[in-house]
Amino acid sequence: MCGIVGYVGNKNATDILIEGLEKLEYRGYDSAGVAVLKEKNIELRKYKGRLSVLKENLQKDKIEGNLGIGHTRWATHGEPSDINSHPHMNSGSAIAVVHNGIIENYLTLREELINKGYEFLSETDTEVIPHLIDYYYTGDIVETVKIVVSKLEGSYALGIIDKNNPDTIIAVRKDSPLIIGIGEGENFIASDIPAILKYTRKVYILEDGEIAVITRNNIDIMKTDGTRVKKGIYDVNWNLEAAEKGGYDHFMLKEIYEQPKAIKDTISPRYKDGSINIGEFDLSKEYIDSVNKIYIVACGTAYHAGLLGKMFIEKYAKIPVVVDVASEFRYGSPFIDENTLMIVVSQSGETADTLAALRLAKERGAKVMAVTNVVGSSISRESDYVFYTWAGPEIAVASTKAYTTQLVSLALIGIDMALKKGTIEETEAHKILEEIRKLPSQVELVLKNVEDIKDIASHVYKSKDVFFIGRGIDYYVSMEGSLKLKEVSYTHSEAMAAGELKHGTLALIDEGIPVIALATQDKLFDKMISNIKEVKSRGAYVIAIAKENNEKIEKTVDKVIYISEAIDELTAVISVVPLQLLAYYVALNRGCDIDKPKNLAKSVTVE
Ligand code: F6R
């Protein structure tokens, strides 16, 4: 939520800030702004709307300067408007601040500042920060920022400039991501790596409670108590092209097509001589034997992947698993102790609710394993074990390749646990592993079948409501298919366990309503056919997803998309792909802004 960027060097700061914001627009895109130091003054430009609005205005009204900060916003406090856009400044226009996160005690701080005579222009939580800096200003900006952050509750990544320190950017973070790009004669700050990758591959990842003082030739990092921090440099090992559209019309489509590679890259390093070698960590047999329950906690798409993780771990490792959405988890009464393992699943590694669940588990003595896509993310740093999904950067707001790589990761984790516990025969584990290795080419086959999906989309896009049904794993995949359709095409959609339809939802099925019926589970196939007949006989237009040897389904449905023969446990990785493509092409037919759906943002760093 919200992207921040900062530059100090000898180039034109405005151009670099805009380039950086273009790479961060996935984090929020309802308004954007920059503050650039020009000669001795801070020049501010900020507008409601996409980054292009800011860009057009800056073309007419250029700001020349070598130091500045920029922001792309996903509104939390105050509607999207020019005034609520960042940066925010103090009344004397000496200090400018960009912020990602939420200041939870801002109302109290705001009231205190108003009582001291400060005037607020915006409705944002952020605006308290420049006024607080103004109020506590000691003449030393670093000391002042230390005082100010001690007053803040909530989450923040901040970029701060002060016209009295015209060569310095201050960066500070708590619970929101921030990196520092290390250049030659220039330095950068950003919420995420793609923003600075054109200029450098060397970064520092700022930790909670650290302040960085950045000039063009120097970066000082310290804790808020003043202790110096010596940090290792993280060398980014992927290219800028990985974060560009590469000829595709949208990132979402590119990322769907990247899945064979992403799955392969996730599996290959863990496969050694016919067996699993997780590599990054080794869960000992002793430890696995001591685990008597597992919580898988995640949000949205990652939660849907977690459901499949439960299936794998319970079936093969015989450990009870509870899967919960992170925003609910903490408010129940979870049974967590030192014999609990929590697995958090998160593409970004920054999702606030997931992070909070992780911290709760650790406080109560549990170990935490992260399945995440972002090296150096908060979740990866705070977990005891990290299993990376090597999907490469995922830019489209709708998650696709992260989901399929999460599925294969959880399958590998489940089999690894089962082997250690001795709850699976080695021969069976090898058989499953061989099936996992076939997945990239099986996904490739679905991608070749795109014309059929485009054809179905050209029918489905006219519908106001779409239902997804399935049983077992197919139900979990239905949930993901339905979410994808909702978020990118704004079509109302529901996923139902097929056997539940007749307990209420069947009343909604009318003539012509599209029902996407997943029927890939051998042991549930006949039961699914009965459920399909229930909707068909009420007029539904049924599109089935089935394995290629089940052609008899054609008699019962209107259209079928076939996927390769695969063991039931692994079909999700293949069957979700036509659903992703369907969501994409329905959205395209409806003229939606596919990579940046309305009201959403990629990295959800607020609770
Ligand atoms: C949907 C989607 C979201 C995310 C969710 C969790 O396409 O992307 O539902 O899955 O916001 O995000 P991460 O995985 O970053 O924790």
Side-chain angles (χ1 to χ4, degrees), residues 1 3 26-28 74 100 175-177 191-192 250-253 255-256 259 262 296-309 323-329 342-358 368-383 386-389 391-407 409-410 476-477 479-491 493 495 576-577 579-584 586-587 592-607:
M1 315 245 113
Y26 71 88
R27 301 180 67 86
W74 184 85
N100 168 206
D175 294 342
S176 291
S191 299
D192 197 1
H250 296 95
F251 279 112
M252 182 179 177
L253 192 61
E255 288 159 8
I256 290 172
Q259 289 180 111
I296 302 184
V297 181
C299 300
T301 288
Y303 164 74
H304 297 156
L307 294 168
L308 194 96
V323 191
D324 208 349
V325 286
S327 53
E328 291 295 322
F329 175 77
M342 178 182 279
I343 302 180
V344 287
V345 186
S346 174
Q347 186 284 130
S348 62
E350 298 293 346
T351 301
D353 283 311
T354 311
L355 191 57
L358 172 165
V368 177
M369 180 192 295
V371 175
T372 184
N373 197 36
V374 180
V375 177
S377 57
S378 302
I379 285 177
S380 71
R381 283 181 287 112
E382 293 192 30
S383 298
V386 186
F387 189 106
Y388 285 109
T389 49
E394 192 182 63
I395 310 285
V397 166
S399 187
T400 53
K401 60 178 178 170
Y403 173 73
T404 42
T405 55
Q406 284 159 358
L407 294 179
S409 302
L410 289 161
Y476 304 152
V477 179
M479 292 161 89
E480 177 56 11
S482 170
L483 177 65
K484 250 3 29 129
L485 187 72
K486 276 182 248 194
E487 66 175 328
V488 297
S489 78
Y490 317 148
T491 308
S493 151
V576 76
V577 180
L579 306 188
Q580 297 167 340
L581 286 166
L582 180 70
Y584 175 82
V586 169
C592 300
D593 193 346
I594 295 180
D595 284 338
K596 300 187 193 94
K598 67 175 187 297
N599 307 339
L600 300 179
K602 180 79 181 158
S603 179
V604 186
T605 51
V606 295
E607 288 179 32

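From a predicted model like this one, the values you see are computed outputs, not experimental measurements. For ligands, and for the atoms within them, numbers begin at 1 and follow the listed sequence.
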Which protein heavy atom lies closest to atom 15 (O) of ligand 1, and at what distance to 0.1 Å? Ser348 OG, 2.6 Å
Quick note on ligand 1: atoms under 4.0 Å from a heavy atom of Ala302 include exactly 10 (O), 14 (O)
Check each atom of ligand 1 against the heavy atoms of Glu487 and keep those under 4.0 Å away; list them by number with element. 1 (C), 7 (O)
So, is Val397 polar-close to ligand 1, with some N/O to N/O distance under 3.5 Å? yes
Among protein heavy atoms, which sits nearest to atom 14 (O) of ligand 1, and what does the distance come to when rounded to 0.1 Å? Gln347 N, 2.6 Å
Go through ligand 1 atom by atom and flag the ones less than 4.0 Å from a non-hydrogen atom of Ala398. 7 (O)
Proximity flag Thr400 to ligand 1, non-hydrogen atoms under 4.0 Å: no
Among protein heavy atoms, which sits nearest to atom 11 (O) of ligand 1, and what does the distance come to when rounded to 0.1 Å? Val604 CG2, 3.9 Å
So, regarding Thr301 and ligand 1 (criterion: nitrogen or oxygen to nitrogen or oxygen, under 3.5 Å), is there a contact or not? yes
A student checking ligand 1 against Lys484 at a 4.0 Å heavy-atom cut-off should list atoms 1 (C), 7 (O)
Residues at least two apart in sequence or cross-chain that pass salt bridge (Lys or Arg N to Asp or Glu O under 4.0 Å) with Asp324, listed by chain then number, are none
Is there a donor-acceptor pair closer than 3.5 Å between any side-chain N or O of Asn373 and the backbone N or O of Pro393? no
Are any of the heavy atoms in His304 under 4.0 Å away from ligand 1? no
Checking side-chain polar atoms at under 3.5 Å, does Thr301 have a donor or acceptor matched by the opposite partner on Glu480? yes
Quick one: does any side-chain atom of Ser348 pair with a main-chain N or O of Glu350 as donor and acceptor, under 3.5 Å? yes
Any luck finding a side-chain donor-acceptor pair between Thr404 and Gln259 under 3.5 Å? yes
Of all protein heavy atoms, the one nearest atom 6 (C) of ligand 1 is Cys299 O, 3.4 Å
Side chains of Asn100 and Arg27, heavy atoms from C-beta outward: is any pair under 4.5 Å? yes
Atom CD of Glu394 and atom OG1 of Thr400: how far apart are they, to the nearest 0.5 Å? 5.0 Å
Considering only heavy atoms from C-beta outward, does the side chain of Leu253 approach that of Leu581 to under 4.5 Å? yes
Ligand-side contact atoms (ligand 1) for residue partner Ser346, heavy atom cut-off under 4.0 Å: 13 (P), 14 (O), 15 (O), 16 (O)
If I apply the N/O under 3.5 Å rule, does Thr354 come out as touching ligand 1? no
Under a 3.5 Å distance rule, please check whether Tyr490 uses its side chain to pair with a backbone N or O of Lys598 as donor and acceptor. yes
Scanning both residues in full, the closest heavy-atom pair of Gln347 with Gln406 reads N-NE2, 3.6 Å
In this structure, atom 12 (O) of ligand 1 is nearest to the protein heavy atom Thr351 OG1, 3.5 Å
